[in-house]
**Student:** 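Dropping a structure here in structure tokens format, bear with me for questions.
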Amino acid sequence: MLDLEERVSRVFNPDVRPLVREAHRCYASGAARAAIVLTWTAVCADLIHKAEILKEDGESDARGLVEDVERAQQPGQADAVNIMLGIERSVLDIAEKLELVDRTQKMQLERLREDRHLCAHPSLRPLGELFEPTAEYARAHLAVALEAVLVHPPSQGRKILESFMVQVADPAFTFDAQYLGYAFLDRVRPSARAKVVQFAAKFALLQIDDPHVTIPPGMLADRMALCLRHFAERDAALATDCVARHADRLVKADPAVQLAALARLGDLPAFWACLPEALIAQFNARVEGIGKAERTGALPAQEAKVFALVANAEVRTALPALEGAFTALHVSDRCRVIGQRPNAYFAAHLPGVLEEVGSFDHGQFVARTAVLPCAGVLTLDGLRAVLRAWWDNDQCWGRAMPGYLVELYAATAHLGAQRDAVWREYLEELREFTPTFNEIARGTGLVEVQAD
């Protein structure tokens, strides 16, 4: 059952809130007739206030109602009561047009309006019978008014979507989860919220080329995926439902669009919950084919993002070919994959990667693209294994490599004092290589520099 007191405290308009509190007190004390009258009064006041806000925002459909209210408020207006009665008759129609209520909510509020008339004008009933609403009937009206109108800001589904697209498509867009949730989840109606999440899901999945957007479709889709991921954290069921609405369209999409969707959403449970088995099987075959393909150049970034999903246990289950295809990649391509999503899973692969370093230049590439990005998730045992592999492969001892080792030392600060013990052990093994030893000793400050 709805907690009316909690809802009353969330009434959007502070000027209307006292009316709503009074209506709630009337209900709680058993004055059901008064509660219904006050509830309708609060709804009218709230909708008029929201129409005023929307008129200031340039909404033409709100202009007529606001002008009528202003006319009724003029000093000496003899027809003020009749004007307000006309506003009362039309306010729900205008609210529906402004998307402040939907059709079902309008019907419920029309029932409230009719019951308000029965409460305020008992002569409307035949045979002189008084309308005697129950407390629960008054409560139902108050609950409808709160959920349909009173707790919501003046947000419109169409306007909200336009605002959301403008925000995400802005070339200077910066993802801010707190703002995103506040502007497009917390302060919008449930129906508009669902439209926003569905909008994000559509663009993230299908990489739609919108002619009104200046940024590339792939960039827009990546941004929408960030938004969708945040929406899923807030409401997983809603995100899953919205992704499901477009899953069939993804089945028919271009293979490049399908692969891009997998790359950007493959770690989102809502994505896998909606995919048909046929498309999952296609993804698995596609991954296997990419792993076996002969390439003359580097693994494309989009495919590297797909292979980076191997770090996710759920994705490895869904795509059983993924792990084998990853390990079959050339070592340089594996480093490119690791660089996409540095984490503990990939950190465990670093010793094996270092063993395959074939030249000084290659050693620098591996250090830069794989080892250093994963440094922040290394364990003590992982650090020992990396340093051992580095020591055992003489191709890791190019001129620039001591500098990378100093960076690795700085990046493993999360291991605390025990880190220094591991590095001191390692430096003892380096003592005979004086220039290298001295450069690392200076960079770490762990031991004294030796005389050349």
Side-chain angles (χ1 to χ4, degrees), residues 2 4 7-8 11-13 15-28 30-55 61-73 79-126 128-156 189-191:
L2 292 177
L4 284 187
R7 296 293 197 284
V8 168
V11 169
F12 173 76
N13 186 345
D15 294 330
V16 172
R17 204 173 297 141
L19 274 174
V20 183
R21 285 181 177 145
E22 188 176 353
H24 182 259
R25 285 197 299 271
C26 288
Y27 150 70
R33 188 180 291 108
I36 291 173
V37 171
L38 286 166
T39 299
W40 172 247
T41 303
V43 167
C44 286
D46 187 74
L47 290 175
I48 289 170
H49 173 71
K50 287 171 180 173
E52 290 170 346
I53 293 174
L54 294 176
K55 175 182 174 288
D61 289 332
R63 186 175 297 116
L65 184 145
V66 174
E67 289 175 352
D68 285 345
V69 172
E70 291 172 348
R71 186 158 55 90
Q73 291 172 340
D79 207 28
V81 172
N82 287 331
I83 294 172
M84 291 307 299
L85 287 174
I87 291 170
E88 191 174 352
R89 284 192 294 270
S90 64
V91 69
L92 294 179
D93 293 327
I94 295 171
E96 183 185 21
K97 188 178 293 186
L98 292 172
E99 299 182 344
L100 294 173
V101 297
D102 60 28
R103 182 170 294 277
T104 301
Q105 291 165 337
K106 178 189 170 187
M107 292 172 62
Q108 292 173 315
L109 293 171
E110 284 174 340
R111 180 71 260 178
L112 167 62
R113 180 175 58 192
E114 294 305 314
D115 287 346
R116 176 268 171 198
H117 295 336
L118 289 174
C119 289
H121 306 288
S123 60
L124 288 176
R125 293 199 68 186
E129 297 175 358
L130 290 177
F131 178 57
E132 295 286 353
T134 65
E136 286 308 307
Y137 196 61
R139 185 188 190 283
H141 276 313
L142 182 55
V144 165
L146 285 163
E147 284 303 294
V149 174
L150 298 173
V151 299
H152 301 296
S155 60
Q156 303 165 280
R189 308 175 60 80
S191 57

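The figures that follow rest on heavy atoms only: side chains count, while hydrogens, waters and symmetry mates do not.
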**Student:** May I ask you to say whether Lys50 pairs ionically with Asp46, meaning some side-chain N is under 4.0 Å from a carboxylate O?
**Tutor:** yes

**Student:** Does a side-chain heavy-atom distance below 4.5 Å link Glu52 with Glu70?
**Tutor:** no

**Student:** Using side-chain heavy atoms (C-beta onward) and a distance below 4.5 Å, is Glu136 in contact with Tyr27?
**Tutor:** yes

**Student:** Give a yes or no answer on whether the side chain of Arg113 reaches the backbone of Arg89 with a donor-acceptor pair at less than 3.5 Å.
**Tutor:** yes

**Student:** Is there side-chain contact between Val66 and Val69, with heavy atoms separated by less than 4.5 Å?
**Tutor:** no

**Student:** Taking the side chain from His152 and the backbone from Glu147, do they hold a donor-acceptor pair closer than 3.5 Å?
**Tutor:** yes

**Student:** Kindly compute the distance separating CG (Asp61) from CD (Glu99), expressed to the nearest 0.5 Å.
**Tutor:** 9.5 Å

**Student:** Looking only at heavy atoms, what is the nearest atom pair of Pro154 and Leu100, with distance?
**Tutor:** CA-CD2, 3.9 Å

**Student:** Can you give me the closest heavy-atom contact between Pro133 and Cys119, atom names plus distance?
**Tutor:** CG-SG, 4.1 Å

**Student:** For side chain to side chain contact (heavy atoms under 4.5 Å, CB included), just list the numbers for Leu92 and Val101, CA-CA rounded to whole Å, side-chain angles, deciding distance to a tenth of an Å, and then say yes or no.
**Tutor:** CA-CA 8 Å; Leu92 294 179; Val101 297; 5.5 Å; no

**Student:** Answer yes or no: is there a side-chain heavy-atom contact under 4.5 Å between His141 and Val43?
**Tutor:** no

**Student:** Which pair of non-hydrogen atoms, one from Arg17 and one from Val11, has the smallest distance, and what is that distance?
**Tutor:** NH2-O, 2.8 Å

**Student:** Mark yes or no for whether Gln105, through its side chain, and Asp102, through its backbone, hold a donor-acceptor pair below 3.5 Å.
**Tutor:** yes

**Student:** Of all heavy-atom pairs between Leu109 and Ala148, which one has the smallest distance, and what is that distance?
**Tutor:** CD1-CB, 4.4 Å

**Student:** From Leu142 CG over to Thr39 OG1, what is the distance, rounded to the nearest 0.5 angstrom?
**Tutor:** 4.5 Å

**Student:** Examine distances only and state if a side-chain atom of Arg33 and a backbone atom of Phe131 form a donor-acceptor pair shorter than 3.5 Å.
**Tutor:** yes

**Student:** Side-chain contact, heavy-atom cut-off 4.5 Å: Arg21 with His24?
**Tutor:** no

**Student:** Write down the atom of Val20, the atom of Ala42, and the distance for their closest heavy-atom approach.
**Tutor:** CG2-CB, 3.8 Å

**Student:** What is the distance from atom NZ of Lys106 to atom CD of Glu110, rounded to the nearest 0.5 Å?
**Tutor:** 5.0 Å

**Student:** What is the distance from atom CD of Glu96 to atom OG1 of Thr104, rounded to the nearest 0.5 Å?
**Tutor:** 9.5 Å

**Student:** Which atoms form the tightest heavy-atom contact between Val37 and Arg116, and what is the distance?
**Tutor:** CA-CG, 4.0 Å

**Student:** Taking the side chain as every heavy atom from C-beta outward, state whether Leu150 and Val16 have any pair of such atoms under 4.5 Å apart.
**Tutor:** yes

**Student:** Within this structure, what is the OG1-CZ distance for the pair Thr134 and Arg139, rounded to the nearest 0.5 Å?
**Tutor:** 11.5 Å

**Student:** Say you draw a straight line from CG of Leu112 to OH of Tyr137; how long is it, rounded to the nearest 0.5 Å?
**Tutor:** 9.0 Å

**Student:** If we ignore angles and hydrogens, is there a donor and acceptor under 3.5 Å between the side chains of Asp15 and His49?
**Tutor:** no

